[in-house]
Peer 1: 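Shown below is the structure under consideration.
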Amino acid sequence: DLDPNNQAIWANYLFALNFSKKVTSKDIFKINRKWARLLEDKIKTQPYFGNNKATGRRLKLGYFLPELDKHVTVRYLSPILAEHNKLRFELLGYGSRTDNKLPPSDIFDRWTDISGFDAAQIAEIMRGDQIDILLHPCTFKSRYRSVLGYRGAPVQIACINLVSTT
């Protein structure tokens, strides 16, 4: 068994499973769920979401984008972000850059630099912003997945990560 506290080992193991011919997609799902349960057992977060439930308002979409300037996922995500209907969706970005630059201002309505914050603090910031849907495109690295365990939004989606999505 893997050390449940060593996220570096889990990150590499879960990523490598996707390329193994010895495991099925069902096995990969089960092993990912095992890792998630280990994380959930540590977190035990049951946050309250006071989001506005009014119809007709813009939905707040939050994108979690660590390593924005280095991560390959942004290349695939940029055209999608550019096509969001700004009348129907408010786009909030949460991430970091190693070059200390801001993301293009035409993409996000608001950008929050999460450098130096841990997963619990990031999720708390997201809940404070009352995002409706958290989209997390960098989930094949388990070190980035832990933010989902802290429930930054009532609806969370792992997407566009080149390996596996929900």
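Note that the coordinates shown come from a computational prediction; the quantities given were computed from them, not determined experimentally.
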Peer 1: With a 4.5 Å cut-off on side-chain heavy atoms, are W10 and D3 touching?
Peer 2: no

Peer 1: Would you give me the side-chain donor-acceptor pairs under 3.5 Å for residues 49-56, sequence neighbours excluded?
Peer 2:
| residue | atom | partner | partner atom | Å |
| --- | --- | --- | --- | --- |
| N51 | ND2 | Q130 | O | 3.2 |
| N51 | ND2 | I131 | O | 2.7 |
| N51 | ND2 | D132 | OD1 | 3.2 |
| N52 | OD1 | A54 | N | 2.7 |

Peer 1: How many angstroms lie between atom CG of L2 and atom CG of L14, to the nearest 0.5 angstrom?
Peer 2: 8.0 Å

Peer 1: Which residues pass the side-chain contact (heavy atoms from CB on, under 4.5 Å) test with K30, not counting sequence neighbours?
Peer 2: K26

Peer 1: Given side chains that start at C-beta, do those of R58 and E90 come closer than 4.5 Å, heavy atoms only?
Peer 2: yes

Peer 1: I would like to know whether Y63 and H84 meet ring pair (Phe, Tyr, Trp, His ring centres under 6.0 Å); could you show each step before the answer?
Peer 2: CA-CA 12 Å; Y63 281 89; H84 276 304; 5.8 Å; yes

Peer 1: Is it true that a side-chain atom of Q156 and a backbone atom of G152 form a donor plus acceptor pair closer than 3.5 Å?
Peer 2: yes

Peer 1: Rounded to the nearest 0.5 Å, how far does CG of L91 lie from CG of D109?
Peer 2: 5.5 Å

Peer 1: Look at D129 together with R110 and state whether they make a salt bridge at an N to O cut-off of under 4.0 Å.
Peer 2: yes

Peer 1: Can you spot which of I122, L92, L148 makes a side-chain contact (heavy atoms from CB on, under 4.5 Å) with F64?
Peer 2: I122

Peer 1: So do V155 and L134 actually touch side chain to side chain, heavy atoms under 4.5 Å?
Peer 2: no

Peer 1: Looking at residues at least two apart in the chain, or sitting in another chain, which of them share a side-chain contact (heavy atoms from CB on, under 4.5 Å) with R33?
Peer 2: F29, A36, R37, E40

Peer 1: Any side-chain heavy atom of I114 within less than 4.5 Å of one from F117?
Peer 2: yes

Peer 1: For S115, which residues count as a side-chain hydrogen bond (donor to acceptor under 3.5 Å, both in side chains) partner, sequence neighbours excluded?
Peer 2: D113

Peer 1: Please report the C-alpha distance between N18 and I28 in whole Å, then the side-chain angles of each, then the deciding distance to 0.1 Å, and finally whether the side-chain contact (heavy atoms from CB on, under 4.5 Å) criterion is met.
Peer 2: CA-CA 7 Å; N18 290 286; I28 293 169; 4.0 Å; yes

Peer 1: Please list, chain by chain and in numerical order, all residues satisfying ring-ring contact (aromatic ring centres under 6.0 Å, His included) with Y94, sequence neighbours excluded.
Peer 2: none

Peer 1: Taking side-chain hydrogen bond (donor to acceptor under 3.5 Å, both in side chains) as the test, write out the residues that go with S20, two or more places apart.
Peer 2: none

